[in-house]
S.K.: 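Below are the structure tokens for one structure; questions will follow.
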Amino acid sequence: MIRALSPELQKAQQEILELARGYGLDCFETIFELVDYDEINEIAALGGFPTRYPHWRFGMEYDYLHKGYSWGLQKIYELVINNDPCYAYLQMGNMIVDQKLVMAHVYGHCDFFKNNMWFSKTNRKMLDQMANHGTRIRNFQDKYGVEAVEDFIDCCLSIDNLIDPHSAFINPAQQPGLLSSREEAAPAAEVKKLRSHRDYMDRYVNPTEFLEKEREKLSEQAEKERKFPAHPERDIMKFLIDYSPLEPWQQEILSIMRNEAYYFVPQGQTKIMNEGWASYWHSFLMTRHILKDSEVIDFADHHSGTLATSPGQINPYKLGIELFRDIEDRWNRGKFGKEYEECDDIKVKRGWDKKVGEGRKKIFEVRKLYNDVTFIDTFMNEEFCEAQKLFTYGFNRRTGQYEIVDRDWRKVKQQLLFGLTNFGNPVITVNDANFENRGELLLEHRHEGIDLDYEKAVETLRNLHYFWKRPVNILTKYNSQAKLVSFDGKEAKEKDA
Amino acid sequence: MIAGIKRDHLRFKQIVKGKIKRNLKKYITQGEMIGRQGKDYVSIPIAQIDLPRFKFGKKQQGGVGQGEGAPGSPVGQGDQEGEGSKAGQGEGKHFLEVDVTLQELAEMLAEELELPRIEPKGHRQTESMRRRYSGINTAGPDSLRHIKRTYREALKRQILSGMYNPKDPVIIPIKSDFRYRTWKNVQVPENNAVIIYMMDVSGSMGDEQKEIVRTASFWIDTWIQSQYKDIDVRYIIHDATAKEVDQNTFYHTRESGGTLISSAYRLCNEMIDREYPLSDWNIYAFHFSDGDNWSGEDTKFCVEMLKEKIIPKVNAFCYGQVESRYGSGQFIKDLLGFFKEDEKLITSKIENKEAIYRALKDFLGKGK
């Protein structure tokens with residue numbers, strides 16, 4: 001149920017929008033809708049899109065949010081969708097100061113959606129697209145049965161992290177190998193002639209027709225042996241859409257799922273930056289302009305709650321806002337470049353101030369060009385890690401608990417980057433669609449030090465088998481030993497490789 | 001749009017209950033939600049279905065945290081699922097720092113596990129009357145005057161009648177503004193209960209096993225406490241001999257040596273006879289072990305003691321078998337062999353932490 005904003009909120013929105021524009025934020029038109037607490041739980045459960053395809057997992061999300069709210073353990077303050085126009089939801093009955101904070105925060109997100117380059121390829125009419133997906137899938141359910149369609153979606157979701165996060169930026173024409181591989185025939189093997197002792201006998205022993213036949217056989221052989229795909233492919237969802245023996249409706253559902261998975265990719269790639277940027281702006285606008293004296297305490301309470309840290313987890317809001325502020329400060333004071341880097345007097349470095357005043361300009365540039373990985377990699381330095389009291393932790397088998405391991409900033413950075421790369425998912429490619437020359441599927445896990453969860457891997461193989469209909473294998477490592485884990489439709493096997 | 005999510009929700013609940021889509025049953029895990037009880041954080045179980053994906057094994061994967069502490073100090077486990085792709089949408093979820101009372105915790109647990117309320121044994125049905133302040137009235141003694149509500153009435157009246165001046169906000173209540181708290185008489189059953197915990201502390205029970213016992217008994221306490229006015233909790237540990245200990249020792253001792261389960265049962269039985277007359281008490285006995293007993297002879301003796309002495313006296317006797325690398329796990333089979341249909345004997349296998357909630361449901365789900 002959609003309700004118009006009250007005149008007070010409309011006024012606040014107008015005021016905040018003008019302020020935001022004044023500081024250079026550049027947003028899509030943003031539509032705020034007022035919803036009650038349960039509606040916001042529902043919309044959040046659907047990933048922000050009020051009309052989506054029917055699936056139990058949205059019910060599961062809802063169950064969690066609803067219980068958390070009714071037990072008084074958590075609540076959702078803001079919800080915003082990357083779309084043109086942007087949609088954002090305000091919860092009815094929140095204090096006006098909270099609503100203003102949320103609006104300022106939302107404008108930060110909208111600016112980010114519109115200007116960050118990693119979002120440049122996303123569909124800005126996703127709201128409509130999601131609704132279309134919903135209609136398609138409901139039609140399939142009418143035709144093929146609720147259960148069948150839902151079971152198939154379950155399988156799709158089980159592999160929805162097997163995509164290539166960068167593929168939106170790859171121009172297929174420039175991709176090496178993809179096109180050329182077809183033309184590049186395998187080096188023609190020499191046809192073996194039968195032995196003839198006399199030269200003049202040769203054309204009788206090896207007549208032209210015979211040689212021709214042999215040549216054909218050989219090239220057929222080479223065709224068979226040629227690997228497909230020619231190069232390991234990360235977009236396994238796409239590979240299955242193109243090459244697995246699916247019914248047309250299944251093929252379409254799989255591409256819908258892939259489409260939605262790609263839509264959410266940039267949000268995962270920029271979680272820290274996006275939240276940091278939005279928090280930076282809500283904090284700046286609220287404290288400089290919007291807050292009334294009587295609202296300061298409530299604002300501070302809410303703001304500090306949003307930025308609260310806990311030892312076992314990184315809070316993206318906190319890390320993001322602090323790093324943006326740190327960058328702004330460094331570029332304001334000229335703390336960058338050769339001269340600064342080469343200075344090894346810590347005292348001079350601390351007090352460094354060349355009055356450059358480039359800070360604001362710099363952070364706008366950063367919000368345009370970076371994603372979480374490059375953001376952390378470029379700007380996180382020793383002073384920052386120390387000031388933020390960051391550490392790495394690990395599981396101690398002996399005590400059976402997670403413990404702080406190190407405060408060395410290089411290790412912190414490395415660990416953080418590892419967790420962000422591919423969203424903390426293992427990198428997996430499809431290497432061969434004709435493995436063992438038996439039409440089996442071969443995947444490879446690029447092992448970077450951490451083993452796969454075995455149980456889950458087997459269950460995922462089971463679902464992959466559902467698509468491929470032939471045995472599926474994955475090459476990985478367990479305890480530093482290369483292993484091939486296979487599922488043949490009945491049981492899982494594991495052997496050294 | 002509303003109908004959609006309600007149907008998804010219903011479907012999810014049916015899957016969890018095992019009514020539809022049984023193939024997903026194996027993916028059901030106990031997720032958790034964190035509440036706070038005094039200084040401690042408690043996790044409230046909540047069913048989730050975790051579709052399989054290629055994922056890193058958990059324990060090898062470290063993470064980055066923020067805060068004080070030297071290397072080696074433990075980190076509250078933030079359950080790093082690393083599910084970045086899901087995190088999107090700029091959805092600001094806020095965990096609220098609210099205190100949850102034990103009573104509320106018990107209710108959440110009951111709702112999640114669908115526990116029936118306990119029917120106390122019919123020993124003593126006296127019920128006492130208690131006053132509960134639950135309402136507001138326009139008349140009452142001054143000592144029960146509700147100042148906030150009175151103020152609100154006065155404010156309302158003054159605004160309505162135009163007597164309110166925002167520049168000089170003086171509020172003067174008149175007689176009709178006063179509000180008083182009122183009470184209702186409610187009947188509170190006067191039942192008492194005692195929980196007797198027994199645990200095998202022989203060498204084969206490690207820290208992990210004890211952690212499981214501790215978590216399970218926290219929830220058992222919480223639930224039984226919510227059902228009775230008073231509860232007594234007693235602790236017995238045993239290896240080859242049994243002794244009564246305090247709570248701290250119960251959870252932290254590590255003894256070694258053999259295991260004679262009968263020693264604990266004997267002590268438990270004596271304790272009941274000596275201190276908890278059946279006419280006044282609802283008695284719950286819980287025994288946790290890894291299922292190893294010294295000999296078949298002793299097991300036979302245990303069974304006899306349970307049958308003749310303990311089970312007739314208690315509301316329920318619950319045996320939880322915690323999986324350990326060393327235990328043979330024989331005892332639960334023996335018990336089940338002897339007591340096929342006894343309603344009061346409840347057994348449950350607890351393989352790991354995730355299985356605790358199922359065990360709780362086994363133990364408490366019969367409403368004994």
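Letters A, B, ... are given to chains in the order of the sequence lines, protein chains preceding strands, and every chain is numbered from 1.
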S.K.: Enter the distance from Phe54(B):CZ to Leu162(A):CG here, rounded to the nearest 0.5 Å.
M.R.: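 One gets 6.5 Å once the value is rounded to the nearest 0.5 Å.
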S.K.: State, with a plain yes or no, whether a side-chain heavy atom of Tyr62(A) is found less than 4.5 Å away from one of Lys6(B).
M.R.: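 In short, these two side chains touch, coming nearer than 4.5 Å.
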S.K.: Quick one: of His445(A), Gln388(A), Arg462(A), who has the most non-hydrogen atom pairs under 4.5 Å with chain B?
M.R.: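 Counting heavy-atom pairs under 4.5 Å, the top option is Gln388(A).
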S.K.: What residue, out of Asn315(A), Asp38(A), Val412(A), Leu416(A), has the most heavy-atom pairs lying under 4.5 Å from chain B?
M.R.: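 If we count pairs closer than 4.5 Å to chain B, Leu416(A) comes out on top.
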S.K.: Measuring from Asn161(A):CG to Arg53(B):CZ, what's the distance to the nearest 0.5 Å?
M.R.: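 The CG atom of Asn161(A) sits 6.0 Å away from the CZ atom of Arg53(B).
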S.K.: Does Lys13(B) come within less than 4.0 Å of Asp63(A), counting only side-chain N to carboxylate O?
M.R.: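 A salt bridge is absent here (no side-chain N lies under 4.0 Å from a carboxylate O).
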S.K.: Under 4.5 Å from any heavy atom of chain A, what part of Glu68(B) do you find: side chain, backbone, both or neither?
M.R.: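 Both backbone and side chain.
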S.K.: Need one label for Ile272(A): side chain, backbone, both or neither, based on atoms under 4.5 Å from any heavy atom in chain B.
M.R.: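 Contact with chain B is absent: no heavy atom of Ile272(A) under 4.5 Å.
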S.K.: Just how far is it from atom CG of Asp8(B) to atom CH2 of Trp56(A), taken to the nearest 0.5 Å?
M.R.: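 Asp8(B) CG to Trp56(A) CH2: 10.5 Å, rounded to 0.5 Å.
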S.K.: Do Tyr393(A) and Val64(B) have side chains that approach each other closer than 4.5 Å (heavy atoms only, starting at C-beta)?
M.R.: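 No, every pair of side-chain atoms sits at 4.5 Å or beyond.
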S.K.: Between Gly59(A) and Ile5(B), which heavy-atom pair has the shortest distance, and what is it?
M.R.: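 Closest heavy-atom pair between Gly59(A) and Ile5(B): N-CD1, 4.5 Å.
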S.K.: Answer with side chain, backbone, both or neither: which region of Tyr89(A) has an atom nearer than 4.5 Å to a non-hydrogen atom of chain B?
M.R.: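 Interface part for Tyr89(A): neither.
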S.K.: Write down the atom of Pro52(B), the atom of Ser158(A), and the distance for their closest heavy-atom approach.
M.R.: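 Shortest heavy-atom contact: O-OG, 2.6 Å.
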S.K.: Measure the shortest side-chain to side-chain distance between Arg7(B) and Pro54(A) over non-hydrogen atoms and say whether it is less than 4.5 angstrom.
M.R.: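 They are in contact (side-chain heavy atoms under 4.5 Å apart), so the answer is yes.
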S.K.: Do NZ/NE/NH1/NH2 and the carboxylate oxygens of Lys26(B) and Glu459(A) come within less than 4.0 Å?
M.R.: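 Answer for the salt bridge query: yes.
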S.K.: So do Val16(B) and Met60(A) actually touch side chain to side chain, heavy atoms under 4.5 Å?
M.R.: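 Met60(A) does not reach Val16(B) side chain to side chain.
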S.K.: Is chain B contacted by the side chain of Asp151(A), its backbone, both, or neither, given a heavy-atom distance below 4.5 Å?
M.R.: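 When you check distances to chain B, atoms from both the backbone and side chain of Asp151(A) fall under 4.5 Å.
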S.K.: Between atom NZ of Lys55(B) and atom CG of Asp453(A), what is the distance when rounded to the nearest 0.5 Å?
M.R.: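 Atom-to-atom, Lys55(B):NZ and Asp453(A):CG are 9.0 Å apart.
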S.K.: Counting neighbours of NZ on Lys21(B) that are heavy atoms of other residues, nucleotides or ligands and sit closer than 6.0 Å, is the number greater than 12?
M.R.: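 It does: Lys21(B) NZ has more than 12 such atoms within range.
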S.K.: Does Lys411(A), at its NZ atom, have more than 12 non-hydrogen atoms belonging to other residues, nucleotides or ligands within less than 6.0 Å?
M.R.: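 No, the 6.0 Å shell around NZ holds no more than 12 heavy atoms from other groups.
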S.K.: Are the side chains of Pro71(B) and Asp406(A) in contact, using a 4.5 Å heavy-atom criterion?
M.R.: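 The answer is no; the side chains never approach within 4.5 Å.
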S.K.: Can a salt bridge be assigned to the pair Asp50(B) and Lys456(A) using a cut-off of 4.0 Å between side-chain N and carboxylate O?
M.R.: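 The answer is yes: the pair qualifies as a salt bridge.
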S.K.: Using heavy-atom distances under 4.5 Å, tell me whether Ile428(A) contacts chain B through its side chain, its backbone, both, or neither.
M.R.: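 Contact with chain B: side chain only.
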S.K.: At what distance, to the nearest 0.5 angstrom, does CG of Leu51(B) lie from CD1 of Ile159(A)?
M.R.: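 One gets 12.0 Å once the value is rounded to the nearest 0.5 Å.
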S.K.: So for Val405(A), is it side chain, backbone, both, or neither that comes closer than 4.5 Å to the heavy atoms of chain B?
M.R.: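 Val405(A) touches chain B through backbone heavy atoms alone.
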S.K.: Under 4.5 Å, counting heavy-atom pairs only, tell me which of Gly69(B), Ser73(B), Ala70(B) racks up the most with chain A.
M.R.: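 So the answer, after comparing Gly69(B), Ser73(B), Ala70(B), is Ser73(B).
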S.K.: Please report the interatomic distance OH(Tyr64(A)) to CZ(Phe12(B)), rounded to the nearest 0.5 Å.
M.R.: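 Going from OH on Tyr64(A) over to CZ on Phe12(B), the span is 11.5 Å.
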S.K.: Among the options His66(A), Glu150(A), Glu147(A), pick out the one with the most heavy-atom pairs lying under 4.5 Å from chain B.
M.R.: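 Heavy-atom pair counts peak at Glu150(A).
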S.K.: Hey, which of Val106(A), Leu157(A), Thr392(A) has the most heavy atom pairs under 4.5 Å with chain B?
M.R.: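 Of Val106(A), Leu157(A), Thr392(A), Leu157(A) has the most heavy-atom pairs under 4.5 Å with chain B.
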S.K.: Measure distances from Leu10(B) to the heavy atoms of chain A and classify the residue's part below 4.5 Å as side chain, backbone, both or neither.
M.R.: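 Neither part.
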S.K.: Checking heavy atoms, do the side chain of Leu420(A), its backbone, both or neither come under 4.5 Å from chain B?
M.R.: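 Neither part, no heavy atoms under 4.5 Å.
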S.K.: Please state whether the side chain, the backbone, both or neither of Ile49(B) comes within less than 4.5 Å of a heavy atom of chain A.
M.R.: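 Contact with chain A is through both the backbone and side chain of Ile49(B).
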